[in-house]
Amino acid sequence: MSSELRYTANTQLEHLHARYSGTGHADLTKYEWLTHQHRDSLSSIVGHPALTSYVAIADGEAIGRVRFEMTERMLQPCGPPLGKDED
Amino acid sequence: MHLYNLTLQSPTAITHAIVGNFSGARQQELIVSHGTRLELLRPDIQTGKLSTVVATDVFGSIRSLAAFRLTGGTKDYAIVGSDSGRIIILDYDPKTSSFAKLHQETYGKSGARRIVPGQYLATDPKGRAVMISAVEKAKLVYILNRDAAANLTISSPLEAHKNSAIIHHIVGVDVGFENPLFAALEVDYSESDQDPTGEAFNNAAKMLTYYELDLGLNHVVRKWSEPTDLRANLLVQVPGGQLASSDRYDGPSGVLICCEDHIIYRNMDAPQHRVPIPRRKHPLEDPKAGLIITSAVMHKMKGAFFFLLQSEVGDLYKVTIEHEEEEVKSLRIKYFDTVPVASSLCILKSGFLFVASEFGNHYLYQFQRLGDDDDEPEFSSTNYPSFGMADPATALPIAYFKPRPLENLVIADELESLDPILDAKVLNILPNSDTPQLFAACGRGARSTLRTLRHGLEVEETVSSELPGIPNAVWTTKVKEDDPYDSYIILSFVNGTLVLSIGETIEEVQDTGFLSSAPTIAVQQIGSDALLQVHPQGIRHVLADRRVNEWRVPQGKTIVQATTNKRQVVVALSSAELVYFELDLDGQLNEYQDRKAMGSTVLALSIGEVPEGRQRTPYLAVGCEDQTVRIISLDPESTLETISLQALTAPPSAICIADMLDASINKAQPTMFVNIGLQNGVLLRTVLDPINGQLTDTRTRFLGTRPIRLIRVQIQRNSAILALSSRTWLNYTYQNMMHFTPLIYETLDYAWSFSAELSPEGLIGIAGSVLRIFQVSKLGMKLKQDSIPLSYTPRKFITHPSNPFLYLIEADHRVVSTETAQKRLAELRSKGKPIDEDVLNLSPEVFGRARGSAGTWASNIRIIDPIEAKTIHVIELDNNEAAFSLAVVPFSARGGELHLVVGTAADTLVSPRACRSGYLRTYKFIDDGRSLELVHITEIDDVPLALMGFQGRLAAGVGKALRLYDIGKKKMLRKVENKSFATTIVSLCTQGSRMLVGDMQESVFYVAYKAPENRLLVFADDMQPRWVTTQTMVDYTTVAVADRFGNIFVNRLDIKVSDQVDDDPTGAGILHEKGILMGAPHKTKMLAHFHVGDLVTSIHKVSLVAGGREVLLYTGLHGTIGILVPFVSKEDVDFISTLEQHLRSEQLSLIGRDHLTWRGYYVPVKGVVDGDLCEMYAKLPGSKQSSIAGELDRTVGEVLKKLEQLRVTASGF
């Protein structure tokens, strides 16, 4: 791969990553991957009415409450990130 | 394997509801989304009843719904946000009574994804723009406008994205005619994702952001962004803007931010107002538990507005804003009423509140008062320092109210909803029923029910009275043509006729001109004001002045059959001759000069009604003993000539010609059907060609064991046919489509329509010597529901092998059990705390039970007698135990004595799953199964989610372990265990010594029990991870499984592997086989896969019609009931799948979801044809129908017949 091509491919990739949040890349840490997974799952539960009802029945909460708590959890679903040295 | 999927009952849950003038008329209508279905409901303002106008499958998942109206318009449109990656604008066309897609704009990938918009919708109150948003980042704004021809136009999307922002809610801000403004509640996660100390996470702020659409620059800008309460979850629009005519402001504009425990009024550059959300003054209430608002509605009246906010426990609050021009003076909140927790609230201008319950039945309430002048405590922001915002971080003092029964609202109508169905069984235990019933455990919390569903229309009986003898026929008649109601009831007995007059009371009358000394064959109001009676000896024509013209039968003959309409009379004589009469213009009945000899005894006769504006109907159908039906002309040119002939398989017993609308055949006008009932209980329905009198398109149906009688009646101003056999059936038109449904009613011997002031659309029937007057009002509901109330959310239920009772377990999380509640109340009383008894006595069905923290459970075991429809015994569980599974086990150690084993767990936490201890409670059946006696309790280490009887022992899925237990004196004794399962065992089924184990996340495992070595060995599993919810064995090697994402699939194990495993006596072979893909040595093969769109909670292999094929019936959480029917021939498969392909290319989805990708949402659809799509064929325009039929080398009639046949033979629906 010529250096020029690598350069253009990279910018495209960066552009795509910025556009599609949640897309993985080569240097993805376990924490980032897991966080993306959780956010995707949580938004999927919120986005599918039957699944939200199911969770609400299991947990004995109102659907509105389940939806709210799931969206809240998307902020930091897997706890704080690991420090630089711990990576 | 090829299966045909048919939905018998569409989902009944309502996920969204909107109100608007969708048909453009003055009346408001509701559009509700059932998740995968859109329905338009029209409330009747006089009666307060809701009726369905149109309902359509959208073949996709609807995630949001909004109504909007262009500035100055009179008609509302609906915008749909779905998982199709497209924004859809729908228009309801009242002419064709259907939804039309006005715009479909693609913006992203399909699927309910994190950054693809569709989750939230907000419209500008002036209808100039709409914002559609995803859960994260993406927000698109579309400008809506009119073009020169006044058509609605939509712009290309404008982006209002914000990276790494989680969106909680969006709403349109009312700014009058200034640039449209949208408010969003967002949290940014970019900093907390980077900060390992967690400080950024703790400091993360929830921002209220205003996005302004600059109409001049065609651009969206972030106008304003301010932090607000961290636990904010919902925004509500506050009216604003100036009226064009005056300088007065509609309201202060801005938004209400609903937070946990508080409501905040907020607007740009304006002081905030905050009030607490009042809480119930309940002695067991936990003041630390937060309370959020889950749904809200704003209502504008002339010069005023108010909000109704509903909390997560169902309390409605009325919120008002006092304002001067744009300045808010105070924000006030007070308790309004308590209704079921809603997914959407809609206020209609006519004074109704529609509550689309999140679980259970939906209600329409009528406002009695607006809660203005009651003594309910009101909490105003002016009572708190700085309008409650002195210290936004700390909570305001808790406000309390006293809950009470409804004061401001009354129930006007109730829509039955099965949502959620948690478990179901198909059984035939009701007496006198030849088709099975479905028992469904439905509902949540104290509103739960066990419902018995029977296929058929509900009948409301108004009168039932004993007669002196057994009549053989009944008629009703008007006296004059233009009478609104019937005047006489005529009963024919073996040796006489009785005439009753309908008035204040029903009594016998003598001087009617009817012959009372002979039986009657037919009665007709003829001409403008005359009556006609046909009796075996002749015809009496009773004129308005009571003069009687009588036509007498020639000597030695009698009349055996007769048929009449307003202008024509045909009688058949015992000599097999037909005599034809017609009314002339002077009102004289004239006999046609010739008689027609039929050559065979006439068994049935029928003519249709006289068509509007005509002299006569041109066709007569005659059924003869020689097993034929002839169509005979009554046209003056060719009177009494035979036109066509149809041979039958048995002698006919009745014929009925009726003009009925069936949109699948002719959308514009009614089709003339000839219905022929045979003596063997089979009904033939043929179409009579109005031009040439030929009979085409014959369809057959088996109705019952008795010879059929057919009666033409009026149901909801449309022609309908009542078919009487051993069951009574009604053939009617509903929403332009023809339906054929049994009535859930006694067997009738004869019936007729009955119209009186009190029941204008009734029916009258005789059953033995009893006269019954009844009506059929709910035409759309094909399943009649009867419910038995339950206390908590039902989890599972089972039948007993020898008695008819059902054993059901119920459990509710976060609910304090009755016993604990009593204990805590006693404690409070002993401490001398005052306790309000009124609050404790409120009905739990409306107000719910006292709530507890996570890990609190209320649970019981219930015995139900489904025949008597009542509970016969309840065992409450104590010690915070909750029941999760149950099984009836014949323990061979006790000589096969049946025991009920209930799997429970104490202090269970749902997520992550944990419990203090699991238990197996073993009960003995006493009193013929009417009661239970506890034998012993066995402590186990995890939650037992699945139990099953297995070869005289108990098989239990306890967490990850599958165990076999045998009964001991003091405990269950563990005999064998296999702990190799992946996550948690949720379902078990068995045949022979094989067990199928459904794992919560890892699909189904095939397990062999090898008795000689006492081993449980996993020998096969699935290649894909599946989140199993339920499974059922189709045969020894095949299993039908449903997963949590709405899929249903069939897996089969290779028969060779199956045999090989069975031939290995010790299982040593399996034990030492090499595993594949880190799993079992053998893999199952997927045969069929289908995405239902609803989370399937139970699957049953049953036969729904007597003598019919076995089908797979499934029930879904949102109330879906569907079947998967195996195809019998390759021909059918080819034909139906080609038809499906053609219909797919028609793009019928209203929300623009591609059908193939929807049915293959997670895994490509395999081996299943979607019958719901195929049945859309009937609704296509005629030209489309014939072009598709042409491609298939069939006629339209043949295609329709095939579709009907598939439905009828499999389900009887």
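Fair warning: this is a prediction, and the values are worked out from it, not measured in the lab.
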Here the pair of heavy atoms bringing B/L1117 nearest to A/Y54 is CD2-N, 3.6 Å
Checking heavy atoms, do the side chain of B/A342, its backbone, both or neither come under 4.5 Å from chain A? neither
Rounded to the nearest 0.5 Å, what's the gap from CG on A/D40 to CZ on B/R113? Could you check? 9.5 Å
Any side-chain heavy-atom pair of A/F68 and B/T294 under 4.5 Å: no
Grab the two heavy atoms, one from A/Y20 and one from B/I115, that are nearest each other, plus how far apart they are. CA-CD1, 3.7 Å
What residue, out of A/A50, A/S44, A/P80, has the most heavy-atom pairs lying under 4.5 Å from chain B? A/A50
Surrounding CZ of B/R231 (heavy atoms of other residues, nucleotides or ligands, distance under 6.0 Å), is the total greater than 12? yes
What's the spacing between B/D193 CG and A/C78 SG if we round to 0.5 Å? 9.5 Å
Specify the closest pair of heavy atoms between A/G60 and B/R851, including all atoms of both residues, with the distance to one decimal. O-NH1, 3.1 Å
Applying a strict 4.5 Å limit to non-hydrogen atoms, the region of B/I293 in contact with chain A is neither
Between B/E358 and A/R65, does at least one N-O distance fall below 4.0 Å, as a salt bridge requires? no
A/I45: partners by side chain to side chain contact (heavy atoms under 4.5 Å, CB included), with sequence neighbours left out: A/L51, A/V55, A/M70
Applying side chain to side chain contact (heavy atoms under 4.5 Å, CB included), can you list everything that pairs with B/T1030, at least two apart in sequence or on another chain? B/A1042, B/V1096, B/I1099
Counting heavy-atom pairs under 4.5 Å with chain A, which one of B/V135, B/I292, B/V910, B/V341 comes out on top? B/I292
So how far is it from B/I166 CD1 to A/T71 OG1, rounded to the nearest 0.5 Å? 8.5 Å
What is the distance from atom CD of B/E136 to atom CG of A/L42, rounded to the nearest 0.5 Å? 11.0 Å
Would you mind checking which part of B/Y1161 comes under 4.5 Å of any heavy atom in chain A, side chain (CB onward), backbone (N, CA, C, O), both or neither? side chain
How about B/E199: does its CD atom have over 12 heavy atoms from other parts shown lying under 6.0 Å from it? no
Relative to chain B, which of A/Q76, A/M74, A/R39 shows the most heavy atom pairs under 4.5 Å? A/R39
Taking side chain as everything from C-beta outward and backbone as N, CA, C, O, which of these in B/T15 sits under 4.5 Å from a heavy atom of chain A? Side chain, backbone, both or neither. side chain
Write down the atom of A/L75, the atom of B/D188, and the distance for their closest heavy-atom approach. CD1-O, 3.8 Å
What one should report as the nearest heavy-atom pair of B/F359 and A/A56 is CZ-CB, 4.2 Å
Nearest heavy-atom pair of A/S21 and B/K137: which atoms, and what distance? OG-CD, 3.8 Å
How many angstroms lie between NE2 in B/H169 and CZ in A/R67, if you round to the nearest 0.5 Å? 9.0 Å
Given heavy-atom pairs under 4.5 angstrom as the criterion, report whether the side chain, backbone, both or neither of B/L291 touches chain A. backbone
Given a strict heavy-atom distance threshold of 4.5 Å, which part of B/L234 is in contact with chain A: side chain, backbone, both, or neither? neither
Could you look at B/I167 and say if it's the side chain, the backbone, both or neither that has a heavy atom under 4.5 Å from chain A? backbone
Are a donor atom and an acceptor atom from the side chains of B/H1118 and A/S53 found within less than 3.5 Å of each other? yes
Can you check whether A/H48 reaches B/R63 side chain to side chain, under 4.5 Å on heavy atoms? no
Above 12 or not: heavy atoms from other molecules or residues under 6.0 Å from CD of A/Q37? yes
We want to know whether B/H813 and A/E61 form a side-chain donor-acceptor pair, criterion being a heavy-atom distance below 3.5 angstrom. no
Heavy-atom distance under 4.5 Å to chain A: side chain of B/Q119, backbone, both or neither? side chain
Leading residue by heavy atom contact count with chain A [cutoff under 4.5 Å; candidates B/E260, B/R444, B/K206, B/H161]: B/R444
Can you tell me how far the CG atom of B/D812 sits from the CD1 atom of A/I57, to the nearest 0.5 Å? 10.5 Å
